[in-house]
Undergrad: 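The following block contains the structure, expressed as structure tokens.
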Number of protein chains: 2
Amino acid sequence: MKEIETFLEDKKVRPTAMRVLIYKYMAEKEIAVALADIENAFTKADRTTLYRTLKTFEENGIVHQIDDGTGITKYALCDKGCNCEIEQDLHLHFHCLNCNETVCLTKHKIPHINLPEGYLAEDVNLVVKGICEKCSGQ
Amino acid sequence: MKEIETFLEDKKVRPTAMRVLIYKYMAEKEIAVALADIENAFTKADRTTLYRTLKTFEENGIVHQIDDGTGITKYALCDKGCNCEIEQDLHLHFHCLNCNETVCLTKHKIPHINLPEGYLAEDVNLVVKGICEKCSGQ
DNA sequence: CCAATAAATGCACTTCCATTGCACTTTTTA
DNA sequence: TAAAAAGTGCAATGGAAGTGCATTTATTGG
Ligand SMILES: [Mn+2]
Ligand SMILES: [Mn+2]
Ligand SMILES: [Zn+2]
Ligand SMILES: [Zn+2]
């Protein structure tokens, strides 16, 4: 708990009660979370607060946003030392069509992509959809 | 014009006036189009018709849907012989952050992605964002 | 060609999620 | 301790996808 506070402070984010709780919640989950997930977990808090908390987290490199193609934005904590930069921290995301969960495969960096002459890459998003480990083992 | 009609018939899609026009419109564009783009081009037609036309086209392998991360669904004609199948026709898409246009890079197939044990891939989406050829050459 | 049937189209409405304006509360600063 | 800044809550907005149903248009069989 105390570590979370100092961590947030290091990231230039004031550790309010809500923020610490949200961080804790995300740290305990191994999967990416949607705003609605957090909303259900913290029924006392307003959605706007959660929304803005995630935005603040993102702006300060605490979480990264995930577009897994479902149309619902997901969020996950960034790895230690991650600065969400291209050719460096970009990992792929996996979305399970069975359990509907999305995970960061942080060990799987996105391969270098060759582009035609004149194209400049600034960001890459790679999402694999299929059946996750949990679901395929049933 | 006549070729479009027979093409659509080959794809088991009745070549109505609207459908032929929409196909023609997309064929003349080298970039992916949003529903709103077609809507602006054919102000006489209702959005639902356009929406359902694209859906019909997609179901019959005439167009493929593109999720370029903008939150707005784009559509583009499929290549001849494309059947939108994994490990075969999956190409990458490029979204320009300057001109906001999205293009199919059909020559650039998505590389094979290694997944952890237990994961089964069924679909892959790879979107590169950056500056397109047109915009970088200015 | 005509009636019956099927397909396509148009209009209105709904849903879902992201986002914002503004007032209020809590914390920080001087 | 008063003023300022930051955080929070409520209500409303906006954009885009999707659907139900009535109407129009095309197809088919007699
Ligand atoms: Mn991730
Ligand atoms: Mn494409
Ligand atoms: Zn699963
Ligand atoms: Zn461009």
Side-chain angles (χ1 to χ4, degrees), chain A residues 4-6 8-25 32-60 62-76 95 100 102 125, chain B residues 2 4-6 8-25 32-60 62-76 95 100 102 125 127:
Chain A
I4 296 179
E5 290 188 21
T6 55
L8 292 181
E9 278 167 354
D10 283 353
K11 294 283 189 178
K12 315 288 182 201
V13 170
R14 286 177 212 271
T16 67
M18 209 58 238
R19 287 172 176 172
V20 172
L21 286 173
I22 292 175
Y23 184 91
K24 191 163 177 290
Y25 173 79
V33 299
L35 184 58
D37 295 329
I38 307 182
E39 209 179 338
N40 291 333
F42 301 97
T43 48
K44 291 160 292 187
D46 187 76
R47 199 180 19 165
T48 313
T49 304
L50 308 176
Y51 172 75
R52 289 199 257 238
T53 296
L54 291 169
K55 199 173 177 185
T56 302
F57 279 5
E58 194 196 357
E59 285 165 357
N60 292 280
I62 297 170
V63 307
H64 60 280
Q65 214 168 319
I66 303 167
D67 177 0
D68 62 8
T70 60
I72 299 169
T73 305
K74 306 283 167 61
Y75 302 85
H95 175 72
N100 210 36
T102 298
N125 186 33
Chain B
K2 207 66 187 174
I4 296 179
E5 290 188 21
T6 56
L8 293 180
E9 277 166 356
D10 283 353
K11 294 284 189 177
K12 315 287 183 201
V13 171
R14 284 177 214 273
T16 68
M18 209 57 238
R19 287 172 177 172
V20 171
L21 285 174
I22 293 176
Y23 184 92
K24 190 163 177 290
Y25 174 78
V33 299
L35 184 58
D37 295 329
I38 307 181
E39 209 179 337
N40 291 332
F42 301 97
T43 47
K44 292 160 292 187
D46 187 76
R47 199 176 46 86
T48 313
T49 304
L50 307 176
Y51 171 74
R52 289 199 255 238
T53 297
L54 290 170
K55 197 173 178 187
T56 303
F57 279 5
E58 194 195 357
E59 286 164 356
N60 292 280
I62 297 169
V63 307
H64 62 279
Q65 215 168 317
I66 302 167
D67 177 0
D68 62 8
T70 59
I72 299 169
T73 304
K74 306 283 167 60
Y75 302 85
H95 175 71
N100 211 35
T102 298
N125 186 32
V127 179

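A note on names: the letters A, B, ... follow the listed sequences, proteins ahead of strands, and every chain is numbered from 1.
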Undergrad: Are any protein N/O atoms closer than 3.5 Å to N/O atoms in nucleotides 26-29 of chain C? If there are, list each pair with its distance.
TA:
none

Undergrad: When rounded to the nearest 0.5 angstrom, what distance separates CG in Asp10(B) from CD1 in Ile62(B)?
TA: 9.5 Å
Undergrad: Using residues 48-59 of chain A as the side-chain source, report each donor-acceptor pair under 3.5 Å to any protein atom, sequence neighbours left out, with the distance given to one decimal.
TA:
residue, atom, partner, partner atom, Å
Thr48(A), OG1, Asp46(A), OD2, 2.8
Thr53(A), OG1, Thr49(A), O, 2.7
Thr56(A), OG1, Arg52(A), O, 2.9

Undergrad: What I'd like to find out is whether the side chain of His95(B) reaches to under 4.5 Å of the side chain of Asn100(B), using heavy atoms alone.
TA: yes
Undergrad: By the definition side chain to side chain donor-acceptor pair (under 3.5 Å), identify the one residue from Thr73(B), Asn125(B), Thr102(B) that meets it with Asp68(B).
TA: Thr102(B)
Undergrad: Going by number, which of residues 41-57 of chain B have a non-hydrogen atom under 4.0 Å from DNA chain D?
TA: Arg47(B), Thr48(B), Tyr51(B), Arg52(B)
Undergrad: Is there a side-chain contact between Thr73(B) and the phosphate of dA16(D), meaning an N or O under 4.0 Å from OP1 or OP2?
TA: no
Undergrad: Sequence neighbours excluded, which residues qualify as side-chain hydrogen bond (donor to acceptor under 3.5 Å, both in side chains) partners of Lys11(B)?
TA: none
Undergrad: Does some side-chain heavy atom of Asp67(A) sit less than 4.5 Å from a side-chain heavy atom of Asp67(B)?
TA: yes
Undergrad: Give the rounded distance in Å between these two atoms: NZ of Lys12(B) and C1' of dA7(C).
TA: 17 Å
Undergrad: Can you check the Ile66(B) CD1 to dA17(D) C1' distance for me, whole Å?
TA: 17 Å
Undergrad: Closest-nucleotide mapping onto DNA chain D: is Thr16(B) or Gly71(B) further toward the 5' terminus? I mean the 5' end.
TA: Gly71(B)
Undergrad: Once ring-ring contact (aromatic ring centres under 6.0 Å, His included) is applied, do any residues pair with Tyr23(A), and if so which ones, sequence neighbours excluded?
TA: Phe7(A)
Undergrad: In whole angstroms, how far is the C1' atom of dC16(C) from the CG atom of Leu35(A)?
TA: 13 Å
Undergrad: Looking at residues at least two apart in the chain, or sitting in another chain, which of them share a salt bridge (Lys or Arg N to Asp or Glu O under 4.0 Å) with Lys12(B)?
TA: none
